[in-house]
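Report on the following structure.
Because the structure is predicted, anything quoted here is derived from the model rather than measured. Just follow the structure's listing: the first ligand is 1, and inside any ligand the first atom is 1. One is the number of the first residue; the rest follow in order along the sequence. Only heavy atoms go into these numbers, but all of them, side chains included; no hydrogens, no water, no symmetry mates.
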Amino acid sequence: MKCIEEPAKKIPVCMEADVFVAGGSCTGVFAAVRAARLGAKVVLVERENCLGGTATAGLVNIWHSLKDTDYKNQVIAGLTYEMTERLVKSGSARLDDNPSTAINFDPNRLKYELDRLVEEEKIKVYLHTLCVGVITDGNEITAALIENKDGRSAVKAGFYIDATGDGDIMKYLGVKSYTGSPMQPPTPCYLMQGSLENIDYKSIIVEHGNEVGLPDDFGWSEPVTGLPGIYLRADFHIFGVDCSTADGLTLTEIEGRRKAYAFVELINKYAGTDLKIVALNSLAGVRETRHYETKQQACGRDMLLGKRYEDAVLNGTYRIDVHDEDACVTFYYLNGETVRMKGGISSNYIYGNWRKDEGITGEPAKYYQMPFSVLVQEKYRNIIAAGRMINADKMAYGALRVMVNLNQIGEAAGVAAYLSVNSGKPVWDIDGKEVRALLVKGGSAL
Ligand SMILES: Cc1cc2nc3c(=O)[nH]c(=O)nc-3n(C[C@H](O)[C@H](O)[C@H](O)COP(=O)(O)OP(=O)(O)OC[C@H]3O[C@@H](n4cnc5c(N)ncnc54)[C@H](O)[C@@H]3O)c2cc1C
């Protein structure tokens, strides 16, 4: 590629803090809040106009169950639970007993509640701000470079949390990365007015989708609490793109909007309905891009078998959920059940049982765990990546990528950041058991 040289220039330091967080989804916000509650001065930058990431700008309005698979004991608490309580209080979330759709919320209200939360915790937030690089000295990061309406400036901090989803800072640092094979494809979402409850829309797509370039695909939809008649639609994937590249992300956004209108207009044409799109996402739902190497890779098999850790920073019950490039979706449950949906919108359901297949007997685990070491990279002393860039095998990633899990990972990153700043220890010397203990004390891990 042809290159030009950018002349060196002095960059103003706009803030000095204990902890710098890049990316303001709930993962990043909850990291920031945990560190702030322990006494750290925290700065958070977010490239969108709001906090919440995929849950707000991406419109994905479901958090899965906080309880074990018996649906009796709560195994996840912390900031996900606090935020759920706030949303329920304002009539913007409802809880139900379905483990998949346990917490359904209005993404608009979540934006508002996250604004209030960072305000209460005195976290300095810059919206419309991109983290574009870092400065290092040996194995230490000394500043993060950011760009916004004020131009280019630097934030100096003791510790850095990369919550950008794709792991942008890890990329700037050259930490060893890999991609899922294949990567789980993205799904742009939208809010639609009008229900498809009594309409055989699947047959319409199968019979007429070709007219408007809509392939037979697998999707889902949920109502939005507090907005009667409004539904989140996640109807189709964009296949074969890498959303961590400029071209891949641009194509996903544009093709997503095209497919959304094609879908709604096709149903209106053949079902005689008057469905309307009332909001398009401002950030496509990205399922997977890069992952970064750490001390330990999360292992799906260990999770399914319910392996326990002294330094567990996450409890989870959401099934392993893998979307493939060929419009197949596969679920693996702790109790042994497997379901494979093959063939797009008109899916064949293929049922199985991985425990029976492997001859595993005894009581299945009621929840899984993830140890702190999965988060610890060993190249730079003062950074943790928290979010979907997690180091996980295909199966583990299928479960860890959901928000109730990433929210907990954010909280653990915030606690570890505080411990590192407070003790002067590099991240690899932070004791995971201490992280867990502080999470428990702060109401997070159970
Ligand atoms: C269609 C779809 C449906 C899903 N359904 C569910 C579901 O029902 N329930 C569930 O729990 N999970 C679901 N998931 C998975 C889940 O939503 C995501 O895996 C999760 O939200 C990812 O969180 P994250 O914090 O890692 O990244 P993101 O949500 O992508 O957040 C990253 C944030 O960082 C910001 N950012 C990125 N780069 C920079 C930068 N350089 N500087 C500053 N800011 C930056 C982004 O704007 C964004 O706000 C779904 C995913 C998709 C795509």
Checklist entry - Is there side-chain contact between Thr69 and Asn335, with at least one heavy-atom pair below 4.5 Å? => result no

Checklist outcome for this item: Ranked by distance from atom 49 (O) of ligand 1, the top protein heavy atom is Glu46 OE1, 2.7 Å

Checklist entry - Is the closest side-chain heavy-atom distance between Leu232 and Cys189 below 4.5 Å? => result yes

Item to check | Ion pair check, Glu120 and Arg116, cut-off under 4.0 Å | outcome: no

Checklist outcome for this item: Per-atom filter on ligand 1: closer than 4.0 angstrom to a heavy atom of Ala163 are 32 (C), 33 (C), 34 (O)

Next on the checklist: Can you report which non-hydrogen protein atom sits closest to atom 6 (C) of ligand 1, along with the distance?
Outcome noted: Val60 CG1, 3.4 Å

Item to check | Taking atom 39 (C) of ligand 1 as the reference point, the nearest protein heavy atom with its distance | outcome: Thr164 CG2, 3.6 Å

Checklist entry - Backbone, side chain, both or neither: what part of Thr129 comes under 4.0 angstrom of ligand 1, heavy atoms only? => result backbone

Checklist outcome for this item: Among non-hydrogen protein atoms, atom 9 (N) of ligand 1 lies closest to Ile62 O, 2.8 Å

Next on the checklist: Considering both backbone and side-chain atoms of Thr187, is one of its nitrogen or oxygen atoms within less than 3.5 Å of a nitrogen or oxygen in ligand 1?
Outcome noted: no

Checklist entry - Who's closest to atom 23 (O) of ligand 1 heavy-atom-wise, of Asp168, Leu406, Asn148? => result Leu406

Checklist entry - Between Leu130 and ligand 1, which part of the residue brings a heavy atom under 4.0 Å of the ligand: side chain, backbone, both or neither? => result both

Checklist entry - Does Arg152 reach the main-chain N or O of Pro12 with its side chain, forming a donor-acceptor pair under 3.5 Å? => result no

Checklist entry - Can you find a non-hydrogen atom of Ala22 under 4.0 Å from ligand 1? => result no

Next on the checklist: Looking only at distances, can you tell me whether any N or O atom of Trp63, backbone or side chain, sits closer than 3.5 Å to an N or O atom of ligand 1?
Outcome noted: no

Checklist entry - What part of Cys26, side chain, backbone, both or neither, has a heavy atom within less than 4.0 angstrom of ligand 1? => result neither

Item to check | Salt bridge Asp242-Arg290, side-chain N to carboxylate O under 4.0 Å | outcome: no

Item to check | Flag if over 12 foreign heavy atoms under 6.0 Å of NZ, Lys202 | outcome: no

Item to check | Flag for Asn407-Thr80: side-chain donor and acceptor within less than 3.5 Å | outcome: yes

Next on the checklist: Could you check whether Asp166 and Ser244, counting side-chain N and O atoms only, form a donor-acceptor pair closer than 3.5 Å?
Outcome noted: no

Checklist entry - Between Cys131 and ligand 1, is there a nitrogen or oxygen pair with a distance under 3.5 Å? => result yes

Item to check | Val286 contact mode with ligand 1 (heavy-atom cut-off under 4.0 Å) | outcome: backbone

Checklist entry - Heavy-atom contact under 4.0 Å between Trp220 and ligand 1? => result yes

Next on the checklist: Whether Arg381 engages the ring of Tyr160 as a cation-pi pair (distance to the six-membered ring centre under 6.0 angstrom, angle to the ring normal within 45°) should be assessed.
Outcome noted: no

Item to check | Electrostatic pair Glu82-Arg37, nearest N-O below 4.0 angstrom | outcome: yes

Next on the checklist: Arg287 versus ligand 1: do any nitrogen or oxygen atoms come within less than 3.5 Å of each other?
Outcome noted: no

Checklist entry - Within 45° of the axis and under 6.0 Å from the centre of the six-membered ring of Tyr190, does NZ or CZ of Arg233 qualify? => result no

Next on the checklist: Could you identify the single nearest non-hydrogen protein atom to atom 11 (O) of ligand 1 and state the distance to 0.1 Å?
Outcome noted: Met403 N, 2.6 Å

Checklist outcome for this item: In this structure, atom 34 (O) of ligand 1 is nearest to the protein heavy atom Gly23 CA, 3.3 Å

Item to check | Rounded distance [0.5 Å steps], OH in Tyr71 versus CG in Asn73 | outcome: 12.5 Å

Checklist outcome for this item: Under 4.0 Å between heavy atoms, the region of Tyr397 that gets near ligand 1 turns out to be neither

Item to check | Lys/Arg N to Asp/Glu carboxylate O, Lys156 vs Glu16, below 4.0 Å | outcome: no

Item to check | Nitrogen or oxygen of His64 less than 3.5 angstrom from that of ligand 1 | outcome: yes

Checklist entry - Has ligand 1 got any nitrogen or oxygen that is less than 3.5 angstrom from a nitrogen or oxygen of Glu48? => result no

Checklist entry - Would one find an N or O of Arg401, backbone or side chain, under 3.5 Å from an N or O of ligand 1? => result yes

Checklist entry - Is the shortest N/O to N/O distance between Gly165 and ligand 1 below 3.5 Å? => result no

Item to check | Protein heavy atom at shortest distance from atom 36 (N) of ligand 1 | outcome: Arg47 NE, 3.7 Å

Next on the checklist: Checking Thr142 against Asp137 for the side-chain hydrogen bond (donor to acceptor under 3.5 Å, both in side chains) test, could you report, in this order, the C-alpha distance in whole Å, the side-chain angles of both residues, the deciding distance, and whether it holds?
Outcome noted: CA-CA 7 Å; Thr142 55; Asp137 181 4; over 6 Å; no

Item to check | Side-chain ion pair, Asp70 and Lys366, N-O less than 4.0 Å | outcome: yes

Next on the checklist: Using a 4.0 Å cutoff against the non-hydrogen atoms of Thr27, which atoms of ligand 1 qualify?
Outcome noted: 24 (P), 25 (O)

Item to check | Protein residue, atom and distance nearest to atom 30 (O) of ligand 1, heavy-atom basis | outcome: Arg388 NH2, 3.3 Å

Checklist entry - Aromatic rings His323 and His237: how do their planes relate, parallel, tilted or perpendicular, breaks at 30° and 60°? => result perpendicular

Checklist entry - Which atoms from ligand 1 have a heavy atom of Gly387 less than 4.0 Å away? => result 26 (O)

Checklist outcome for this item: Per-atom filter on ligand 1: closer than 4.0 angstrom to a heavy atom of Gly285 are 53 (C)

